[in-house]
Structures are given as structure tokens and as C-alpha cells.
Peer 1: 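This is the structure I want to talk about, given as C-alpha cells.
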There are 2 protein chains.
Amino acid sequence: MSMKYSRQREMILNNLCSRTDHPTADELYIDLKESLPNLSLGTLYRNLALLSDNGTILKFHCGNSDRFDGNNNLHYHLICENCNRLYDIDHAPLTNLNTMFAEDYKGKINSHLLVFYGICEDCNCSV
Amino acid sequence: MSMKYSRQREMILNNLCSRTDHPTADELYIDLKESLPNLSLGTLYRNLALLSDNGTILKFHCGNSDRFDGNNNLHYHLICENCNRLYDIDHAPLTNLNTMFAEDYKGKINSHLLVFYGICEDCNCSV
DNA sequence: TATAATAACAGTAACGATTATCGTTATTGT
DNA sequence: ACAATAACGATAATCGTTACTGTTATTATA
């Protein structure tokens, strides 16, 4: 079951990679509709699942829905407790966290997720 | 709108604190039904939201549902990618993460969530 | 370059965890 | 006691996501 090319998948990935706002599926859908008027939501969800499963993109659960990041390099995020948006935080990568924690653990550690919670710069000014 | 006592909330919290398996709302519900036969799911969800909002318990999104932890002391977790359960990981607390990351950030950082992904000890043996 | 196999699609129905509503009950301060 | 209201049980509604179905597009092979 190797992957076949599809114009839809390419445009979904292009759209996601060209923006830095970590959209939800719905926000992506609204934007993609302009260039792909009969894109199906099912197609979007299926491709977002494919792309995050194979590590091309990242998926974060924020509030009550998922947000996606086209930048899969190691970096960190803040979820704003006011607007529920997801932001990049600029900081040097923490190394060895997985191995540090794996030392005393009898299972396997594959990866970790470090997310900060707080108030984003925008909300911090306007509140 | 101060909080009034309720027997239901007390028993929900007692049940959650007496176990270490980080149950979902549904798993809690099944167990609580034995001592509170006409507990309503809505009541359970409402109280889990109250208790996690005020910091008494912790809430984690795992797979497609939330899991709860009655131990709100700083400690870390692993989500098993095989069984989707949530486990404690024994490790000394990382301090200063919030302040480290807040240095160059113009918003506010209140807290962080560090979750590891991998295979739990049980699944690691049986696969 | 036809053809066969099948991944992917659009459209739509279904699912399931969670939330909201509403009339009733229990707690709490006066 | 009593009044105010938080919390309850029951149930309907919400909404993000997934599954289904018949059709279309891609890709490897003849």
C-alpha cells in the first residue's frame, strides 16, 4: 500500500508549510477551498492523518481540536489559555530528555512532547 | 458562585485519588456506578472539569479521550502508543523550565506539560 | 500507449466524547 | 425555617473526526 501522488495532498501540505499559524483542520479547509473548491473534509482529515503519521507534519491537541504544524524540526510551543491558539517558542532544543527519562524505565521511550501553557503576546497586550 | 459540597464530587475525587491508573471519564463512571448507581455522566464530566480547572486533579488528552490523574504533584507521564494508557514515569522534577523558556518570550508562561510517548512496560513484554 | 490494480477522491452518513438544557434536589448562609 | 442557588439526573444536542460508497486518478506492467 505505497502512497500515490495526489494534487490534494500536495496542496494541503503546501498550504500548511507556507503558514506559521498552526491551523486547525477547519481553518485549513476554509483556506484550501479557494484553490480547491470541491475538496472534501474527509480528504483533508485523511491526508492530515497520513502526513502526521509518517512524520511530515506535527499534530497537537489544543482545547477541543487538533492543530497542525508543517515545520517538523525540533522546536517548542505555547498554547494560549486565552485564545487557544498554538505558537512557536524560540529556544534552543533540549537534548537527551528521552534518554534521561529512559534510564529507569522498563518500557520504551520514542519521543516526547513539551508544551507550555500561558498567555500569548497578543492576548497579553490586549487584556 | 462558590462551590457547594456534594457527595457525588467527593466520591469522584476519592475514587480517582485511590487509583493510579489514570482512568478516562468512562472508566471512572463504570467504577463509580457501583457505589452511586444513579450517578449521571453529565455530573461526572462537570465535576472532572471543575476539579481540573481548579488544579485539584490533572487532565491529559490521550488518543481520542481524556485521562485524569488524582495526583497533582509535579511528575511526568508516558502515553503508550500501543494501548493508549497513561503511566507515571519516575524521575526527579525538572526545575526552571518555565523561567528558562520565559526569558525571551513576551507573553506569559504559566505551566508546561511534558509527556513522553512510547511503549509501556506491559505492552513492551507482550509484543 | 492500452490495461489492470488500487490509492485517493467527493459526498455524505455515522460515531463518540463531551457539553448544554431543564426541571428537581440538596446545601448553605441568614 | 427559609430563601438563594449550586448541583443533580436525565436526556438532547454539539461538533470534531471517522467510516462508507461509488467514482476518479495514478502508477506499474504488458
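Every chain is numbered from 1 and lettered A, B, ... according to where its sequence line falls, protein lines coming before strand lines. As the structure is a prediction and not an experimental result, all values here were calculated from the model.
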Peer 1: Would you name the heavy atoms of A/L16 and A/F68 that are closest together and state the gap between them?
Peer 2: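 Closest heavy-atom pair between A/L16 and A/F68: CD1-O, 3.7 Å.
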Peer 1: Rounded to the nearest Å, what distance is computed from the CD1 atom of residue A/I12 to the C1' atom of nucleotide C/dA10?
Peer 2: 13 Å
Peer 1: Can you tell me how far C1' of C/dT12 sits from OH of A/Y29, to the nearest Å?
Peer 2: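 From A/Y29 OH to C/dT12 C1': 11 Å.
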Peer 1: Side chains of A/D104 and B/H91: any donor to acceptor distance under 3.5 Å?
Peer 2: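 Side chains of B/H91 and A/D104: no pair found under 3.5 Å.
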Peer 1: Hey, does the side chain of B/Q8 come within less than 4.0 Å of C/dA26's phosphate (OP1/OP2), counting only N and O?
Peer 2: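 Negative; the distance criterion is not met.
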Peer 1: Step by step, work out the side chain to side chain donor-acceptor pair (under 3.5 Å) result for A/N71 and A/D69.
Peer 2: CA-CA 5 Å; A/N71 173 13; A/D69 189 344; 5.1 Å; no
Peer 1: With a 4.5 Å heavy-atom cut-off, do B/L94 and A/L97 have their side chains touching?
Peer 2: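 Side chain of B/L94 against side chain of A/L97, heavy atoms only: contact under 4.5 Å found.
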Peer 1: Decide yes or no on side chain to side chain contact (heavy atoms under 4.5 Å, CB included) for B/N98 and B/H112, but give the supporting numbers first.
Peer 2: CA-CA 7 Å; B/N98 291 350; B/H112 69 264; 2.8 Å; yes
Peer 1: Donor-acceptor check, side chain of A/H61 to backbone of B/H61, threshold 3.5 angstrom: yes or no?
Peer 2: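 Checking the backbone N and O of B/H61 against the side chain of A/H61, no donor-acceptor pair under 3.5 Å is found.
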Peer 1: Could you list by number each residue of residues 39-71 of chain A showing a heavy-atom separation from DNA chain D of less than 4.0 Å, or answer none if no residue does?
Peer 2: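 DNA chain D contact set from residues 39-71 of chain A: A/Y45, A/N64, A/S65, A/D66.
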Peer 1: So how far is it from A/L13 CG to A/Q8 CD, rounded to the nearest 0.5 Å?
Peer 2: 13.5 Å
Peer 1: Between atom CG in A/L36 and atom C1' in D/dT24, what is the gap in whole Å?
Peer 2: 15 Å
Peer 1: Rounded to whole Å, how long is the line connecting atom CD of A/E27 with atom P of D/dC15?
Peer 2: 15 Å
Peer 1: Figure out the CE/P separation between B/M11 and D/dC8, and round it to whole Å.
Peer 2: 13 Å
Peer 1: I need the minimum non-hydrogen distance between A/S65 and A/T24, along with the two atoms involved.
Peer 2: OG-CG2, 3.8 Å
Peer 1: Report each atom pair, protein N/O against N/O of nucleotides 27-30 of chain D, whose distance is under 3.5 angstrom.
Peer 2:
from, atom 1, to, atom 2, distance (Å)
D/dT27, OP1, A/Y5, N, 3.1

Peer 1: Determine the interplanar angle of the B/H77 and B/F60 rings, folded into 0 to 90°, and report it as parallel if under 30°, tilted if 30 to 60°, perpendicular if over 60°.
Peer 2: tilted
Peer 1: Looking at B/R19 and B/D31, is there a salt bridge between them, counting it only when a charged N and a carboxylate O are closer than 4.0 Å?
Peer 2: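 Counted as a salt bridge, because a side-chain N and a carboxylate O are separated by less than 4.0 Å.
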Peer 1: For the helix from C/dT1-D/dA30 to C/dT30-D/dA1, what is the angle between the axes at its two ends, each from 5 pairs, rounded to 10°?
Peer 2: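 It works out to 40° between the end axes.
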Peer 1: Starting at atom CZ of A/R7, determine the distance to atom P of D/dT24, rounded to an integer number of angstrom.
Peer 2: 17 Å
Peer 1: Tell me the interatomic distance from B/L32, atom CG, to D/dG9, atom P, rounded to whole angstroms.
Peer 2: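 Those two atoms, CG and P, are 11 Å apart.
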Peer 1: Strictly under 6.0 Å, is that where the ring centroids of B/F116 and A/F101 end up?
Peer 2: yes
